[in-house]
Amino acid sequence: MEKWQERTEMLLGAEGVARLAGAKVVVVGVGGVGAAAAEMLARAGVGHLVLIDSDTFSETNINRQLPALHSTVGKSKVETVRARLLDINPSLDVKAIAAFLDERSIASTLDGIALSPEQPVSTLGHVRGRDPLDTSSEGTQETVGGMERSGRLPGERCYFVVDAIDTLSPKIALIQYCLKNGIKLVSSMGSGAKLDATKVRIADISKTKMCPLAHMLRKRLHHLGITTGFLAVYSEEAPRKESTVIEESRNKKSQVGTISYLPTVFGCVCAQAVISRIVGIEGNC
């Protein structure tokens, strides 16, 4: 253990630190939520990270994205965040992929990252009624509806995916990919148009409420036969409708007002979900 990890080991023990060091997490989207999640994972000692985002920092990101500074405007988000994480932990294995994930590119981008040759690819797209916080079946084969889904296997390269995508179609495609391949997932819902950090929650997607993005996501997933099976970080606060402005772009149909701290809180809770599952101390998440 290195000196900078002393306080983490005091809390999690040597075994917990070792588990984090051996874990691999893919963070898709490194804006306000994803960059915070990646940084908290790195500071906790997760040893292997993959960052995926095609965007560059703009001046409008400075109010809410930790790596967004006047000095980083115009620079690649993944490369900037990668450099920041290596400054935190020079021993970190971190890969930056400047790519926009959508329905056509997710499999080709993630197959070599998230799946190992030893890990079977399940045909199961979802698991109805299974609590995603239940780790009792890890390392086993679970049968649902006559199909098998693999738990955590020796040599598995990716332990978790953090979905910090803020547009619906790519988000759905990523969720489908993770559920199909038995990869644990925590998905961030909307942090915009809200102010109250104490209303942020984490639960199975089926239990989310008061979030327009979560509502649309549940509706679209239901048509695909997916009703449960992954964690979502969301806020129970009612969104402020006056803070949304319609503005069509390549990836979005609107711009939403966002306060400085809330995306970071969402990212921290995403990191909490991943870390607690890796070390086996789930608490209230």
Suppose we screen for side chain to side chain contact (heavy atoms under 4.5 Å, CB included). Which residues come up paired with D93, at least two apart in sequence or across chains? H48
Heavy atoms, side chains only, cut-off 4.5 Å: are [X] and [Y] in contact?
{"X": "L85", "Y": "E39", "value": "yes"}
{"X": "I52", "Y": "V78", "value": "no"}
{"X": "R277", "Y": "V186", "value": "no"}
{"X": "L179", "Y": "L185", "value": "no"}
{"X": "C178", "Y": "F230", "value": "no"}
{"X": "L110", "Y": "L174", "value": "yes"}
{"X": "Q255", "Y": "T60", "value": "no"}
{"X": "L221", "Y": "I172", "value": "yes"}

CD of E242: more than 12 outside heavy atoms within 6.0 angstrom?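 Atom CD in E242 is packed in, count exceeds 12.
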Can you establish whether the number of heavy atoms outside E103 located under 6.0 Å from its atom CD is more than 12? yes
Hey, does the side chain of [X] reach the backbone of [Y] with a donor-acceptor pair shorter than 3.5 angstrom?
{"X": "R201", "Y": "T198", "value": "yes"}
{"X": "T109", "Y": "I106", "value": "no"}
{"X": "T227", "Y": "S206", "value": "no"}
{"X": "D111", "Y": "S108", "value": "no"}
{"X": "K171", "Y": "S188", "value": "yes"}
{"X": "R82", "Y": "V94", "value": "yes"}
{"X": "D53", "Y": "A98", "value": "no"}

Which value, rounded to the nearest 0.5 Å, describes the distance between [X] atom [atom1] and [Y] atom [atom2]?
{"X": "L213", "Y": "T167", "atom1": "CG", "atom2": "OG1", "result": "9.0 Å"}
{"X": "R84", "Y": "N89", "atom1": "CZ", "atom2": "CG", "result": "14.0 Å"}
{"X": "K209", "Y": "M189", "atom1": "NZ", "atom2": "CE", "result": "15.5 Å"}
{"X": "L231", "Y": "D163", "atom1": "CG", "atom2": "CG", "result": "12.0 Å"}
{"X": "C268", "Y": "Y261", "atom1": "SG", "atom2": "OH", "result": "14.0 Å"}
{"X": "L262", "Y": "D196", "atom1": "CG", "atom2": "CG", "result": "8.5 Å"}

Using the side chain to side chain contact (heavy atoms under 4.5 Å, CB included) rule, take F57 and L69 through it: C-alpha gap first, then chi angles, then the decisive distance, then the call. CA-CA 8 Å; F57 286 110; L69 309 167; over 6 Å; no
Which heavy atom of [X] sits nearest to which heavy atom of [Y], and what is that distance?
{"X": "T208", "Y": "R218", "value": "OG1-NH1, 2.7 Å"}
{"X": "A197", "Y": "V265", "value": "CB-CG2, 4.1 Å"}
{"X": "A193", "Y": "V256", "value": "N-CG1, 3.4 Å"}
{"X": "Q5", "Y": "V17", "value": "NE2-CG1, 4.0 Å"}
{"X": "T258", "Y": "P263", "value": "CG2-CG, 3.5 Å"}
{"X": "E237", "Y": "L195", "value": "OE1-N, 2.9 Å"}

Give a yes or no on whether [X] and [Y] share a hydrophobic cluster (residues Ile, Leu, Val, Met, Phe, Trp, Tyr; joining criterion: side-chain heavy atoms under 4.5 Å apart).
{"X": "L86", "Y": "V27", "value": "yes"}
{"X": "L66", "Y": "I62", "value": "no"}
{"X": "V200", "Y": "V274", "value": "yes"}
{"X": "Y234", "Y": "M210", "value": "no"}
{"X": "M40", "Y": "V33", "value": "no"}

Would you sort out whether Q272 and V233 count as a side chain to side chain contact (heavy atoms under 4.5 Å, CB included), showing the intermediate values? CA-CA 10 Å; Q272 173 192 334; V233 175; over 6 Å; no
Let me see the working for S243 and K194 under side chain to side chain contact (heavy atoms under 4.5 Å, CB included), right down to the final yes or no. CA-CA 9 Å; S243 66; K194 299 185 178 187; over 6 Å; no
Dump the intermediate steps for side chain to side chain contact (heavy atoms under 4.5 Å, CB included) on S91 and E2, then the final yes or no. CA-CA 10 Å; S91 301; E2 298 183 52; 3.7 Å; yes
